[in-house]
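Written out below as structure tokens is the structure these notes cover.
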Amino acid sequence: MAAEGKTIDALSQFELHTALGPIGAAVNFTQSNAHMLAASVIIVLIMTLGMAPRAVVPGRFQALAETFYEFVENLVAGQVGHEGKRYFPFVFALFMFVLFGNVLGLFPYAFTYTSHIAVTFGLAFLVFAVTTLVALALHGKKFFGYFFPEGAPLWLAPIIVPVEVVSYLSRPISLSVRLFANMVAGHVLLKVFATFVVLLGGLGAVGPLVAVLPLGVNVLLIGFELLVAFLQAYVFAILTSIYLHDAVHLH
Amino acid sequence: MKRMTLAGVTAALYSLGAQMALAATAVPGGLEAQSVAAAEASGGMPQLDFANPLMLAQIVWLLIIFGVFYYVLSSIALPRVASVLEERRNRIEGDLEAARAAKSEADAAMEAHRAATARARAESQAAIAEATQSAQAEAAARGAELNARLNQQIEAAEARINTARDTAMGALREVATDTANALVTRLTGLKNEPAVAAAVQRELAAQGRA
């Protein structure tokens, strides 16, 4: 596998380093956080500068901002219903943060913060905490009825309740692992095929000809990864909306 | 060489699969299939290296950045978008309302126009009918008058004719009687006027001229 002593090193791209020079190093500000900051600033700029003209007939930039807004608004309205309006900023922030994290990570030299399980779990746990708090605030003790559906025979409770509790507690895990695994898999594949390009390119006269193959694969992969980047952000947002729907309506 | 490439791909995918399996179960360590150099360099997946102090720092900064991000979005950026969209919705609604009002106005005008046309038509038809009737009545009256006058004239003329004929007949009888008397007297020397008059009368009656 390792022609000419080189190896496929697909994992070092996920290593954390401090960013922003000595100041960043002093407060352990990593390049991951720098990308979070960049994504946040870009999103806020799109939403504020884009809407600055306040045009009745939007231009392209404003249409972009409005498209983001209305896409998430429709998503929340469709899943949570009318009561979902209060939680729209939260879902919007999550969707955009994940989407821009995914897309930003596809640029060369960029870091994908959504490829860190700690980050995705942090966001997923935030969703878990918010939905649980919303459910408790809206329904109080009745919230615990969620773990035992009405009308089910009482003797089934020892089976149903643990299953429901486990499925409820596993929500942040599935939510975070799904995003994390998708992003890692994509970036590892990209790195593997990129390394093939370099390794094969060094194999004598025919090398560059053969190296075109993994290069073509990477071109296709980038397109696929763009799709995955959007899709995973969408899945994250829609699952958050579904959890919020459960919290608001309890079933 | 081709075989080597395929072997490389297979090995890489295998190691990837192993990593994925580990990632899914979140069990750190034990990356046998991982290339030795990479394993030495990073000690497994960097994402699972929770001993790294940067990992905790990353999460703390994540919460700070995401918190500020959420605050800026929810309190500044999103309300602006909402206000623009609301403004547009109101404007469109207003325009639609105005269009609806204009349409109902146009409908009313159209209705009024139609009613006016219908009324005008009815009026004109009534006027035509009246004019026709009056003209007919006038014509009939005039015709009747004319008839009456003509009848009168005819009657008068007939009366005159009758008188004239009677006069003429009277004169004729006289002349005939005189002539007959003169003839009788001349031929016979007798003079019987009443008998002659009766004969003349009889003769005239026989000829239908009495």
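Residue numbers start from 1 in every chain, and the chains themselves are labelled A, B, ... in the order their sequence lines are given, proteins ahead of strands.
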> Is it true that atom OH of B/Tyr70 has more than 12 heavy atoms of other residues, nucleotides or ligands lying nearer than 6.0 Å?
Replying inline: yes
>> Less than 4.5 Å to any heavy atom of chain B: does that hold for the side chain of A/Val27, its backbone, both, or neither?
In response: both
> Can you tell me how far CE of A/Met51 sits from CZ of B/Arg80, rounded to the nearest 0.5 angstrom?
Replying inline: 10.0 Å
> What's the spacing between A/Leu94 CG and B/Phe66 CZ if we round to 0.5 Å?
Replying inline: 4.0 Å
> Would B/Val84 and A/Glu66 count as a side chain to side chain contact (heavy atoms under 4.5 Å, CB included) if you check the C-alpha gap in whole Å, the side-chain angles of each, and the deciding distance to 0.1 Å?
Replying inline: CA-CA 9 Å; B/Val84 170; A/Glu66 285 180 15; 4.1 Å; yes
>> With side chain to side chain contact (heavy atoms under 4.5 Å, CB included) as the criterion, how do B/Leu62 and A/Phe97 come out once you've worked through the C-alpha distance, each side chain's angles and the decisive distance to 0.1 Å?
In response: CA-CA 11 Å; B/Leu62 162 71; A/Phe97 194 72; 3.6 Å; yes
>> What's the separation between atom CZ in B/Phe69 and atom CE in A/Met96, rounded to the nearest 0.5 Å?
In response: 7.0 Å
> Please walk me through it: do B/Leu56 and A/Asn28 pass side chain to side chain contact (heavy atoms under 4.5 Å, CB included)?
Replying inline: CA-CA 9 Å; B/Leu56 184 63; A/Asn28 276 351; over 6 Å; no
> Side chain, backbone, both or neither: which part of A/Ala55 has an atom under 4.5 Å from a heavy atom of chain B?
Replying inline: backbone
> Should we count OH of B/Tyr71 as having more than 12 external heavy atoms under 6.0 Å?
Replying inline: no
> Within the side chain of A/Asn33, is there an N or O that forms a donor-acceptor pair under 3.5 Å with the backbone of B/Gln58?
Replying inline: yes
>> Would you say CZ of A/Arg60 has more than 12 non-hydrogen atoms from neighbouring residues, nucleotides or ligands within 6.0 angstrom?
In response: no
> Any chance CD of B/Gln153 has more than 12 other-residue heavy atoms, nucleotides or ligands included, within less than 6.0 Å?
Replying inline: yes
